[in-house]
Amino acid sequence: VQLQASGGGLVQPGGSLRLSCAFSGFAPEHYITVAWFRQAPGKEREGVSSITIRDGSTTYAASVKGRFTASRDRARNTAYLQMNYLSPEDTGVYYCATRKVRLVMSARLDAAQYDDWGQGTLVTVSS
């Protein structure tokens, strides 16, 4: 399995970014969940959002609900995280992670449930 996260950058408060996570190495029978986690300096890693590739089911952390939207393109084997109304509190390194086996929805933002991780992309929200 390989994951490639991209799309981070510097944005002003109130701005938007779209992160991408390209994935490969999965078999057709895998029930893939792609999750986004972030880690700010001096803080613990936080689950942000998840999406199942097969049916597009999404989950969001309370801190991003209504501002972030997860989506996927099955033909491109890519998951996206559209981030709107960004604030400095959204600053951090964003990682995508995947799991091959179905997860209960309540566990989908638990980092321990994920097998493979991308390299991270830095998001900085600052004026």
Side-chain angles (χ1 to χ4, degrees):
V1 171
Q2 290 189 324
L3 306 176
Q4 181 70 44
S6 61
L10 173 64
V11 63
Q12 291 187 341
S16 299
L17 280 175
R18 188 176 80 156
L19 305 184
S20 300
C21 178
F23 53 87
S24 61
F26 292 92
E29 64 269 22
H30 289 150
Y31 189 88
I32 305 166
T33 301
V34 178
W36 292 93
F37 296 85
R38 67 185 180 189
Q39 188 161 23
K43 293 188 177 180
E44 293 188 355
R45 184 171 47 190
E46 173 191 18
V48 174
S49 179
S50 73
I51 185 166
T52 59
I53 299 304
R54 189 172 297 180
D55 55 22
S57 168
T58 56
T59 61
Y60 299 95
S63 57
V64 306
K65 204 165 189 177
R67 300 187 298 123
F68 291 11
T69 302
S71 62
R72 90 288 192 214
D73 184 331
R74 296 180 69 178
R76 295 179 185 271
N77 285 347
T78 302
Y80 303 97
L81 185 66
Q82 178 67 42
M83 307 187 295
N84 298 328
Y85 305 107
L86 286 162
S87 72
E89 288 70 35
D90 296 313
T91 293
V93 178
Y94 283 68
Y95 300 90
C96 62
T98 57
R99 179 182 164 98
K100 303 181 184 71
V101 178
R102 189 188 294 262
L103 265 176
V104 295
M105 191 168 281
S106 60
R108 280 166 50 180
L109 296 185
D110 177 2
Q113 304 296 331
Y114 290 84
D115 306 307
D116 300 286
W117 291 76
Q119 83 287 6
T121 185
L122 177 62
V123 172
T124 303
V125 185
S126 175
S127 55

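The structure displayed is predicted, hence computed values, not measured ones. Heavy-atom basis, side chains included; hydrogens, waters and symmetry copies ignored.
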Count I, L, V, M, F, W, Y as connected when their side-chain heavy atoms are under 4.5 Å apart, and connections chain through other members. Are [X] and [Y] then in the same cluster?
X: L122; Y: V64; answer: no
X: V48; Y: V125; answer: yes
X: L103; Y: M105; answer: no

Determine the minimum heavy-atom distance between [X] and [Y], stating which atoms define it.
X: D110; Y: Y114; answer: O-CD1, 3.3 Å
X: L109; Y: S50; answer: CD2-N, 3.9 Å
X: R99; Y: V101; answer: NE-O, 2.9 Å
X: Q113; Y: A107; answer: CG-O, 3.6 Å

Run the side-chain donor-acceptor check on residues 31-40: report pairs under 3.5 Å with partners two or more places apart or on a different chain.
{"from": "Y31", "atom 1": "OH", "to": "D55", "atom 2": "OD1", "distance (Å)": "3.4"}
{"from": "Y31", "atom 1": "OH", "to": "D55", "atom 2": "OD2", "distance (Å)": "2.7"}
{"from": "Y31", "atom 1": "OH", "to": "R102", "atom 2": "NH1", "distance (Å)": "3.4"}
{"from": "R38", "atom 1": "NE", "to": "E46", "atom 2": "OE1", "distance (Å)": "2.8"}
{"from": "R38", "atom 1": "NH1", "to": "D90", "atom 2": "OD1", "distance (Å)": "2.8"}
{"from": "R38", "atom 1": "NH1", "to": "Y94", "atom 2": "OH", "distance (Å)": "2.9"}
{"from": "R38", "atom 1": "NH2", "to": "E46", "atom 2": "OE1", "distance (Å)": "3.2"}
{"from": "Q39", "atom 1": "NE2", "to": "K43", "atom 2": "O", "distance (Å)": "3.1"}

Open item on the list: For T98 and H30: C-alpha separation, side-chain torsions, deciding distance, then whether side-chain contact (heavy atoms from CB on, under 4.5 Å) applies.
Closed with: CA-CA 11 Å; T98 57; H30 289 150; over 6 Å; no
Open item on the list: Are more than 12 heavy atoms, taken from residues, nucleotides or ligands other than R54, located less than 6.0 Å from that residue's CZ atom?
Closed with: yes
TODO: Could you tell me whether Q2 atom CD has more than 12 heavy atoms of other residues or ligands within 6.0 Å of it?
DONE: no
Task: Atom pair CD/OG of Q82 and S49 - distance to nearest 0.5 Å - done: 12.0 Å
- [ ] Starting at OG1 of T58, measure out to CZ of R72 and round the result to the nearest 0.5 Å.
- [x]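 Atom-to-atom, T58:OG1 and R72:CZ are 10.0 Å apart.
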Side-chain touch [X]/[Y], heavy atoms, less than 4.5 angstrom:
X: F26; Y: I53; result: no
X: F68; Y: L86; result: yes
X: Y60; Y: R108; result: no

TODO: May I ask you to check whether S87 and R67 show a side-chain donor-acceptor distance below 3.5 Å?
DONE: no
In a table with atom names and distances, give each donor-acceptor pair under 3.5 Å that connects a side chain of residues 3-21 to protein atoms at least two apart or in another chain.
{"from": "S16", "atom 1": "OG", "to": "N84", "atom 2": "OD1", "distance (Å)": "2.9"}

